[in-house]
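Beneath this line is the structure, given in structure tokens, with notes to follow.
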Amino acid sequence: MFKNHIKVAFRQLFKQRLYTFINVMGLAVGIACCLIISLHLKDEWSYDSFHEKSERIYRVAFDINFNNQEVMGTNTPAPLAATLATDFPEIEKAARLNTNFLNAGTNYVRRAEVKNSSFEEKFVYADPEFFELFDLPIQQGEVGLDEPFKIVITERIAEKLFAQSSPIGEVLVLNDNPETTYEITGVIDNIPENSHFQFDYFMSMETLGDEMEGNWLGNAYYTYALLAPKAKPEVLKQKFFAFREKYIGPQFKQQLNMDFETFAKSGSRYDISLQPLTDIHLKSQGFAPQLQQNGDIRYVWMFAVIALFILFIAMINFVNLSTARSSNRAKEVGVRKVIGSMRQQLIGQFLSESLVMSFFALLVGLLLAAICLPYFNDFTNKSLKMPFFSPVFLASAVGV
């Protein structure tokens with residue numbers, strides 16, 4: 001019976017070619033749009049989740065309100081990371097990045113034995129503990145950033161500057177200055193695109209010396225903390241008040257001639273906060289500065305609603321076209337009833353036709369999405385791919 005339903009369905013759809021084309025293409029375009037938007041949303045939600053300890057990693061920030069100006073500062077003092085790890089058993093490790101000092105950002109780079117330099121970006125100073133917090137697999141060598149003038153590079157830079165030879169132990173010269181040479185200690189995998197930091201050169205923090213180590217008001221470092229498995233961020237934040245009084249309070253009072261209590265009575269605020277790692281990309285509105293341009297959770301939800309709306313409109317059009325055509329099939333239904341067709345058989349026949357059209361719409365939609373995805377990637381500066389072999393994707397396609 002099912003085989004006969006399918007055979008008759010193909011016959012009817014082939015007989016009504018224009019109707020079939022309009023209905024299939026309308027639903028296919030809706031599926032393609034919904035699929036591309038869904039891939040974009042999945043990528044946005046996946047930022048920084050590839051780290052094994054992502055649920056326990058937090059970025060430390062300052063929540064400051066002064067003269068009715070609200071600031072969520074992501075730059076923190078130099079001694080904060082080490083002090084947090086020492087004073088709080090809830091914090092297993094803490095590490096810093098620095099993008100503000102000499103040689104951070106951009107430089108002209110060359111190998112020591114080469115004369116011509118190339119302009120490179122994405123330089124940053126990092127603590128060796130940074131590689132213990134984040135999953136940045138070492139391909140060659142070791143981190144080795146516990147000494148001055150050491151550097152870790154990504155696989156992309158290793159291939160660019162050293163081709164097939166090993167870069168471990170080689171020396172990089174920055175800005176043609178023989179006094180700023182860095183020895184390469186390790187090569188790591190390229191940073192995934194769904195990461196809120198994108199760097200190719202990690203220079204040892206020891207190179208900067210300890211000029212800022214005692215300065216609790218000189219905010220120039222991004223600080224990340226790894227919490228213990230059972231530690232609760234909200235409990236830890238309550239302990240930050242005494243921590244702030246102990247370490248930041250004396251210099252704060254000397255600088256502004258008031259303590260934190262007086263500062264709070266004036267209607268101002270100076271608190272230490274914790275931002276979950278997986279919130280940084282989509283929920284950093286109001287936080288400044290940022291390591292790169294982030295997304296916005298509000299636009300993510302808006303696009304999710306748009307995707308569902310497009311698919312819903314496509315389905316409504318599909319149903320409307322089928323309903324409009326039903327009057328043309330009334331004589332056929334009457335004849336089928338006269339010769340003995342049961343109600344369930346008629347329902348099965350029409351459902352079979354709808355399923356065949358939906359199936360072809362899905363195939364055409366996948367093809368349209370695959371064709372349009374490269375253009376969408378160029379527009380959004382992403383590298384999204386069609387997950388044809390993903391079990392979740394295949395199950396979702398069957399569900400659609």
Side-chain angles (χ1 to χ4, degrees), residues 43 46-48 50-52 95-208 221-222 224 277 280-281 289-294 377-378 381-385:
D43 180 71
S46 71
Y47 265 70
D48 296 306
F50 61 90
H51 298 289
E52 182 181 353
R96 303 168 298 173
L97 290 178
N98 187 290
T99 62
N100 299 316
F101 289 163
L102 183 65
N103 295 328
T106 60
N107 292 279
Y108 285 97
V109 184
R110 64 177 174 86
R111 297 167 56 177
E113 67 275 15
V114 176
K115 294 184 179 180
N116 296 326
S117 298
S118 61
F119 180 77
E120 294 289 339
E121 300 177 305
K122 302 180 180 180
F123 284 80
V124 68
Y125 290 98
D127 286 323
E129 292 81 7
F130 188 81
F131 295 86
E132 299 177 23
L133 268 68
F134 298 94
D135 294 337
L136 304 174
I138 295 286
Q139 286 191 356
Q140 303 178 47
E142 59 184 7
V143 174
L145 296 184
D146 49 358
E147 297 180 9
F149 296 103
K150 304 293 182 180
I151 193 169
V152 171
I153 60 176
T154 60
E155 178 187 9
R156 183 182 72 84
I157 298 302
E159 293 176 353
K160 179 179 180 179
L161 297 182
F162 297 92
Q164 302 301 321
S165 60
S166 174
I168 304 302
E170 297 288 344
V171 174
L172 294 180
V173 180
L174 273 56
N175 302 314
D176 289 321
N177 186 350
E179 295 183 1
T180 54
T181 59
Y182 288 80
E183 179 185 351
I184 300 173
T185 59
V187 177
I188 62 173
D189 288 350
N190 293 327
I191 307 295
E193 290 187 1
N194 59 338
S195 171
H196 81 281
F197 58 83
Q198 295 289 332
F199 298 107
D200 286 320
Y201 300 86
F202 293 85
M203 302 175 290
S204 58
M205 194 74 73
E206 293 294 324
T207 308
L208 299 177
Y221 297 79
Y222 294 90
Y224 299 87
L277 176 67
I280 291 177
H281 179 66
Q290 298 292 338
L291 291 174
Q292 66 173 12
Q293 184 176 358
N294 290 320
N377 285 335
D378 290 339
N381 197 27
K382 289 182 177 290
S383 300
L384 304 178
K385 297 180 181 179

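The chain is numbered in sequence order, starting from 1. Computed from a predicted model, the values in this text were never measured in an experiment.
Checking side-chain atoms of Asn98 against main-chain N and O of Tyr221 turns up no donor-acceptor pair under 3.5 Å. Of the possible polar contacts, one joining the His51 side chain to the Asp135 backbone as a donor-acceptor pair under 3.5 Å is found. Glu121 contributes no side-chain N or O that, together with a main-chain N or O of Asp200, makes up a donor-acceptor pair within less than 3.5 Å. In this structure, the side chain of Arg111 engages the main chain of Leu161 through a donor-acceptor pair within 3.5 Å. Looking at Asn377, its side chain does come within 3.5 Å of a backbone N or O of Leu384 through a donor-acceptor pair. The main-chain N or O of Asp146 is never found under 3.5 Å from a side-chain atom of Ser204 such that the two would form a donor-acceptor pair. Panel note: side chain Thr181, backbone Val171; no donor-acceptor pair is recorded below 3.5 Å. Checking side-chain atoms of Asn175 against main-chain N and O of Asn177 turns up no donor-acceptor pair under 3.5 Å. At distances below 3.5 Å, at least one donor-acceptor pair connects side-chain atoms of Gln198 with backbone N or O atoms of Pro192.
Here the shortest heavy-atom pairing between Asp176 and Arg110 reads OD1-NE, 2.8 Å. The minimum heavy-atom distance between Gln140 and Ser166, with the atom names listed, is OE1-OG, 3.2 Å. Of all heavy-atom pairs between Ala112 and Val173, the closest is CA-CG2, 3.9 Å. Residue Ala95 comes nearest to Glu129 through the heavy atom pair CB-C, 3.7 Å, listed as atom of the first residue, atom of the second, then distance. Scanning both residues, Leu145 and Lys150, for their nearest heavy atoms gives CD2-O, 3.7 Å. Taking every heavy atom of both residues into account, Gln139 and Asp189 meet most closely at NE2-OD1, 2.6 Å.
Between Val143 and Phe130, the closest side-chain pair of non-hydrogen atoms is not below 4.5 Å. In this structure, the side chains of Tyr201 and Asn103 stay at 4.5 Å or more apart for every pair of heavy atoms. In this structure the side chain of Thr207 never reaches within 4.5 angstrom of the side chain of Phe101, judged on heavy atoms. Within the 4.5 Å cutoff, side-chain heavy atoms of Thr185 are placed close to those of Val152.
For the residue pair Glu120 / Asn107, no side-chain donor-acceptor distance below 3.5 Å is found, with atom types taken as modelled.
Within 6.0 Å of the CZ atom in Phe50, the count of heavy atoms belonging to other residues, nucleotides or ligands exceeds 12. At most 12 heavy atoms of other shown residues, nucleotides or ligands fall within 6.0 angstrom of atom CD in Glu179. Within 6.0 Å of CG in Asp378 there are more than 12 heavy atoms belonging to other residues, nucleotides or ligands.
A distance of 10.0 Å separates CD of Glu159 from CD1 of Ile153, quoted to the nearest 0.5 Å. Here His281 contributes atom NE2 and Ser46 contributes atom OG; the two are 8.0 Å apart, rounded to the nearest 0.5 Å. In this structure, Asn294 CG and Ile280 CD1 are separated by 8.0 Å, a value rounded to the nearest 0.5 Å. For the atom pair OH (Tyr222) and CD (Gln290), the distance works out to 7.0 Å, reported to the nearest 0.5 Å. Interatomic distance, CD1 of Ile184 versus CD of Glu170, reported as 7.0 Å (0.5 Å rounding). Atoms CE and OH, on Met203 and Tyr125 in that order, are 4.0 Å from each other to the nearest 0.5 Å.
The ring of His196 has its center closer than 6.0 angstrom to the ring center of Tyr224. A distance below 6.0 Å separates the ring centres of Phe202 and Phe131.
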Ring pair (Phe, Tyr, Trp, His ring centres under 6.0 Å) between Phe134 and Phe197, intermediate numbers included = CA-CA 11 Å; Phe134 298 94; Phe197 58 83; 5.2 Å; yes
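Partner of Val109 under the side chain to side chain contact (heavy atoms under 4.5 Å, CB included) criterion, out of Phe119, Tyr182, Phe123: Phe123 alone.
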